Structures are given as structure tokens and as C-alpha cells.
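What you see below is based on every heavy atom in this structure, not just the backbone, and it leaves out hydrogens, waters and symmetry mates. Throughout, a chain's letter reflects where its sequence line sits, starting with A, and its residues are numbered from 1. Since this is a predicted model, take the numbers as computed values, not measurements.
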2 protein chains.
Amino acid sequence: MNGKSTTTRTKLERGRSALGPALELVHTGRAPTRAVLTSELGVTRATAGAVAAELEALGLIKVDSSPGSAAGSQGRPSHRLSIRDDGPVTLAAQVHSDGFRAALVGLGGRIVATAPGCVTVMADPAQVLGEVVEAGAQLLRETGLRCVGAGLAVPSAVAEPEGTALNPMHLAWPGGAPVREIFTSRVRAAGITGPAFTGNDVNLVALAEHRHGAGRGAQHLLCVATGHRGVGGALVLDGRLHTGSSGLALEVGHLTVNPEGRPCHCGGRGCLDVETDPLAFLTAARRTPGPEESLLKQAGDLLRTEYADPAVRTAAEELIDRLGLGLAGLVNILNPDRVILGGLHRDLLEADPDRLRAVVADRSLWGRSGSVPILSCTLAHSSLVGAAELAWQPVLDDPLTALV
Amino acid sequence: MNGKSTTTRTKLERGRSALGPALELVHTGRAPTRAVLTSELGVTRATAGAVAAELEALGLIKVDSSPGSAAGSQGRPSHRLSIRDDGPVTLAAQVHSDGFRAALVGLGGRIVATAPGCVTVMADPAQVLGEVVEAGAQLLRETGLRCVGAGLAVPSAVAEPEGTALNPMHLAWPGGAPVREIFTSRVRAAGITGPAFTGNDVNLVALAEHRHGAGRGAQHLLCVATGHRGVGGALVLDGRLHTGSSGLALEVGHLTVNPEGRPCHCGGRGCLDVETDPLAFLTAARRTPGPEESLLKQAGDLLRTEYADPAVRTAAEELIDRLGLGLAGLVNILNPDRVILGGLHRDLLEADPDRLRAVVADRSLWGRSGSVPILSCTLAHSSLVGAAELAWQPVLDDPLTALV
DNA sequence: GCAATTTGTTTAGTTGCGGCACAAAGGCAG
DNA sequence: CTGCCTTTGTGCCGCAACTAAACAAATTGC
């Protein structure tokens, strides 16, 4: 401690306090014009103008005066706000059992560039993460864009604050692997600037859908999704991921949804995990499951193309009923104002939306909470976009500090 | 709209922005001195001094300079901060199946005066609330204290934003009774100033315990408690009650904890509600249940005095195992950093804490979340204190506005 | 009694933002 | 085309809440 510059600058570093909220409004598409920004922020036009000018000076947004055709209202047309195409990006990475992938993602959730990635995942997390980061670094070199951070989505619960992957069983990775530490060191080694983050994939899907997809505007968003095996959940509260006190919240796979069901490795019977995932569906429909990394596709294709087959239909209805029971339990506990489904659960919803909604309404305690909207996830690469959101968060919280 | 005074005063009305946080720190006992207040608020000594002086000028706190014996540290002793004994109070009211009660509660959760209340609850909510408010108004007349608001705890889920009691079945009240509206109008009719609030009793227990009891300092506090019948839950996140999007969160009574258990009115079997409440305990211990309004006391007494009886012990262990299963499910979903138990669950915890903790650790997914501390509720009249917290909240958020 | 330490107080300066007045840019009616 | 109305953007003033820095006060330890 030199005793001089430690306590100084607290206010200077904070910068204009409305800057972060303003950027978030543009980022999520809720502030198309400066006039809307003014009312959404609850500040005067003068302040909103200054904030927009500052975000423009930072190279994050564009302020287009007189874009020609405005809305039909009278009065002076408002300046339009939009994310700059050539602004900074974040590096987003994703690891699943069917491969890994890297992309550059700009503000607004726009995927600027994607690397082809790999379809096999090695057993050594350091090697996998090294390759995926290198793919992202290559994209950065090709595009010459500025990178302000990196985010990684993994199909495992991530314990906080350590950043270890607790159950990456579908990756053949060792349990408890320090994925955040590995990812961070690989990002540093690749010469990429900015902080690095790691999160559970379903959490990041929920975050992405909340900001840019089917979850926009929800205050209490519950997301439930399958991968190839197992079920994950996530909750976004007031725009922030709720990960619990140690990152393990919304581990919903072991809710009991079938008292007479098959045993689960958790010690119980009939858990959501083993009753509503793609393997459960294929088994119930009496099909031969293919390799693990294609279970989701196999189950989804079966559901979409052979729903007329009685065995398929019966299996689907069975899973829908079980899923509905699980969702009803979660609705009773969390009381969300919107539920979105991904993976096979999304396909089940679309196969028979009325049945699923009826089960949830019937088994959640009161009609009011039973009438919670249940929707499909809509984004194409939501876990990549969600990983990018992690990296964008410091910028959204305080653009001045995050961008130096 | 007169077009003149609508948008003005937004900043003036806000007042000194650190005032609310400072009062909350004193209120919850986390700022015993001005020096601590300075560091907790993260402001300069000058600001903390001004804030403390302003709270003193508002008549809320005392600033005692030189209280004689300070702590052993060297340097100039810091001024002590404390809640004023003769400061304003809130009116707290509570309705349970075994009676209702009114009290005056000061800052810091101190119960200033209590009205004896009544042990029978009539079927007409308007009449009950009228009587309990009148009892509180009488206390106010006797003490001459200033009242800044009123809060009511009811043993029912309270739907938001309507403020209706959805399932006050143990009160013989009609479902959907507009309790907030009735309570507010009775408070107004009694000439009591300030806003009126209504909440679920377990929620308010959790809030009170978080601020003044066993939940202090927890960031993610889960509270589970029984009354005479049924089980309720509550979650306090970052100091605020999580009531979900429509007030119905943490309706935990219908988690499945015994697949072969008795049928529940919800349509399932073996729900937490019917497997771990006082009636379930008395039945399992082969005792004759007394009248509904004494079930909790009967079960608690039995558990504490006759634990040596094999039937009692077996019943207790059965309930502990079921409760542990339910808690494990909640821990998996919510990942709290502390769990507190009330009602019979508290007694069960104290009868065999190791057994309960072992079940939760065993059935929650990872050791880390399994090691969540499970504690007993400690406050004497926590639902009254919690109801008072509701009424204090506007003052804690912005003392200047709330106190005019 | 004197230094060291910690806390309280005063003063000056910075700053984010509201309030206000005015300018700008469109629609609408004649 | 020309006013008039409506809505939005901008410059200027001032306030209020804070920080920073210097000084004063109260205690411990030597």
C-alpha cells in the first residue's frame, strides 16, 4: 500500500451512473430511440442526451438523427439508437457432448463470426478449452475486432466461487475440474484481453433468452431444458441470473415426477432427470437409442416425424405428463411469470402444447399461477449468446470502467 | 393533470440517498458505531456523520458520544448509534387459527407494547381485522407514540397485487378474501396514519428472522415452518422477501416426500404438507389429536417430553426423514446459504439435529450444498416482528419521504 | 506528558442531474 | 405555402450529495 491512491477515485471510476442502464436498454432492444430512453431511464431529456452521446463516444452505439421514416406520431422525430456493427465483441465458447464451438458476439446478442468447431470432445478439459479459445482468437485476428471479455458455457453445474464443473459426466471430464481457472488461463495465454467467465449452459440459455429471445420482459423467468441426457433449470430474476449461494441453484433434475418410476443415481425413484430426457423418450417409444451425442436429435426427429405412431404418441404423452408435474412443482416454489423450455422439452411442448399447459395448470396450486405462460426457446445459438452475456455484463454494469 | 407539479420534485423527494441504507444498518444492528457505519456504507466520515445527524434529527436514532467504556482498541472512541426508545412505531397484527394479536413494534424489531388479543377467530375477516386493529389503536392511544404504518400477518398465501388470501382454510375464512383491502380500510377507519401491508405469516417470520434473528447475514435464506396444519416456506434474497411474480412463491407443501404416503387434497400422494405437520406427527405417534388450534403445542410438547417413548421416537424419525427429503429438494432448487426451521420443524430439528442434517446432506446433490447450515428460528414473536418489517420498509427505503 | 492512532468536523471543490427556456423538426389544417 | 401544434434535442443555471484534505478531538501505550 502506498497510502495515497488506494481510496481515491471511487467516484470518478464510477462514471455517469445512468450509463450502464442506458446501454442495457439499447442492448436488449428496449430503447429504440432517445425519447424512449428518456422515459425508460426516468431522467430528463438533457441527461438522456448526454448519456447517449457518451455511449456513442465510447464507440458502442450509433445515434442516427432523422432516419427518414419515423413512426406515425406527430412531433419531432426522435433520434434512433442502435448498436454499432463495428463495435467491440466478446468471445463466446461452448462445450457440449456433441462438440465445441467458438464465436464472436457483439452487443445486442448479434453473432458476428463463428468458428466451425469440433464434433468430438477430448477427455482433457485443458486441451478442449485450449482449442476452443484458439479458434476464437483466430476469429479475432481475422476480423480485427476489439475483444472486451470471454465467456464459456459448459454442460455442468459450476460451483461458485471456485468455478469448478461438478458433474460434467457427459463430457468424460473429471468431476470438479477447475474449468474457470483453465478457461481463464487459456484466454490469457491466447493474448485475449478482458475478464473471462464460465457458467452452466442452461443458465446461459436462460440469460440469452431473457435478453434477446422468448424471455424478454419477464421479471421471473424459469427455464427448463434437456441436453442429450438429464435436465437442467435456470432462473432469471429481475434481469439477473439466480445461481444461488454457491452456483448450484435450479438443479431440478431430481424432483420426483413418477413415484413408481425407474431408480435414479441420486437414490430416489422417478426423478425428472431420468423420466423426461431424450433417453427416457426413446426408451418409452421402444426405439434403440443411438450414440449419446445424438440422443437429442434422434428423440426430437422421432417426435416431429413419427408422432402419428401410437408408441411415439403414447411415449410423448407420458413424458409430457411427467414434465408437467415437475414444472408444476417448480411453479409452486418459484412462482415465475414465464416458463420457457429448451431441448426435448421444447419439442414436447410443441407436440402437444395444450396437454402440457393443462397438466401444469392442474397441478400447480391455484389457477392464477397455473396460467403462467409456457413458451419455447427461440434463439438459435442461445448458449453461445448467453456465454457472451456473461462477458458483456461488466460493460453493461459500468461501460466507463469496463472499457477503460 | 395540472401540468405543473407532476414531474417536479423527483430529486428533492429522494433526499439524501445514503439515508435509507444507513437506517437499515442501524435497524438490523450491523452499525453499532459511526465508524462502522462509515465503512459499511463505503462513504467518507464526513458523509456518514451528516447521515447520522440527519437520522437523529428525524427522531429515529440516538448518537451517544463517549459512552464511557468502549472496546479495547486504541484511538478515539466512536460515537455509538442506537434506535431511539421513544421513536415512532409500527402497528403489527397477526391472525392465526389459535387467535389474533396486536403489538407496537419500534425500529430494531423491538416490541414496545402488546395487546392481549383474542383466542377465537371469527369466520368474518372484516370483524376479526376490525378488532385487532382496534386493539392496536388502543395501544397507540395509551402510549401516545407516533405510528408510521401497519402490517398484518395471515396464515395463507397472499396473492399479489390484489392482496387476497387464497387459502385461509384453517381460519374458516372464505378463500380469496380481500384481506389487504379490509385491513387497510380498518386501519384508515381507526385513524391510523401511514400505509398498511399484508403478508403471509411464514414469509414474515423469515423476514423477521433475517433482520433480527437466526437469519442475520444470510444472503439466501430459506425458511420452512409449520403452523397447526400444513407447511409453509419463504425465501429472503439479498435482504428482500422473494414472493414470486404473484405472491405465491415457496408454496412448498406439495413437494413429494413419501411416494407411498397418504393422499393429499392436491391430487398427489405423500406431500410435505400432510407428511410433516403436527397432525401427521400425532397420527404417526398414535396419539389422539386435540382441537385444531392446539395441534402445534400438543405435538411440540409430546416431542419434547416423551421422546423416550419408542412410538414417539419412531414417529419423529419418520418425520425427520421426510422433512429432510423435502429440504433437500428445496436446497437443490434454491441453493440457500442458510435454512431456518419454525413450528414443529424446529422441534424436530432440536430433537435430533444430526439425523436431519445427515438426511439433507445425503439427498442434496453435492456435499457443498449439503453442508448448508440448518438452524432453529429464534425470535419470540417473529410473525409480529415480520409484519412490522413490512410497515417499516418504506421508512428504511427512504426515511425522508416516508416520514414527510 | 508525549507520540501514535483512530475518529469527528469543517471547508472547499467536483459532479451528476433536475429545471427551465429555447431551438429544431415534423404533422396538420387552412 | 404558411402558421400552429406537438414532440424532441440542447444549452445554461443551480442544487444537493458527495469526496478530498486539512484540522481538531479523544483515547491507548510508552
May I ask you to verify if any side-chain N or O of [X] is less than 4.0 angstrom from the OP1 or OP2 atom of [N]?
X: B/Thr44; N: D/dT19; result: yes
X: A/Arg34; N: D/dT10; result: yes
X: B/Ser78; N: C/dG8; result: yes
X: B/Thr47; N: D/dA17; result: no
X: A/Ser17; N: C/dC17; result: yes

When we call it a touch if two heavy atoms are under 4.0 Å apart, what does A/Ala46 touch: a base, just sugar-phosphate, or nothing? base

Base, sugar-phosphate, or nothing for B/Ala50, non-hydrogen atoms under 4.0 angstrom? nothing

One pair to check against salt bridge (charged side-chain N to carboxylate O under 4.0 Å, His left out): A/Arg180 and A/Glu160. What are the steps and the verdict? CA-CA 10 Å; A/Arg180 176 171 304 148; A/Glu160 302 291 345; 2.9 Å; yes

I want to verify a distance call: between [options], whose nearest atom is closest to the [X] side chain?
X: B/His79; options: D/dT6, D/dC18, C/dT9; result: C/dT9
X: B/Gln74; options: C/dC17, D/dT6, D/dG29; result: D/dG29
X: B/Arg76; options: D/dG29, C/dA25, D/dA26; result: D/dA26

Would you mind reading off the distance between [X] atom [atom1] and [N] atom [atom2], rounded to a whole angstrom?
X: A/Glu56; N: D/dT10; atom1: CD; atom2: P; value: 10 Å
X: B/Leu41; N: D/dT19; atom1: CG; atom2: P; value: 10 Å
X: B/Asp64; N: C/dT7; atom1: CG; atom2: C1'; value: 16 Å
X: B/Leu37; N: C/dT6; atom1: CG; atom2: P; value: 19 Å

Need to verify one output field. Residue with the more 5' nearest nucleotide on DNA chain D, A/Thr38 or A/Gly75? A/Gly75

Mapping B/Glu54 and B/Arg45 to their closest nucleotides on DNA chain D, which lands nearer the 5' end? B/Glu54

Which class fits the ring pair A/His212 and A/His27: parallel under 30°, tilted 30 to 60°, perpendicular over 60°? perpendicular

Which residue, A/Leu37, A/Asp64, A/Val63, A/Thr33, forms the side chain to side chain contact (heavy atoms under 4.5 Å, CB included) with A/His79? A/Val63

Pick out which of B/Val26, B/Thr28, B/Leu19, B/Leu107 makes a side chain to side chain contact (heavy atoms under 4.5 Å, CB included) with B/Leu396. B/Leu107

Residue pair B/Leu104 / B/Thr90, side-chain heavy-atom distance below 4.5 Å: no

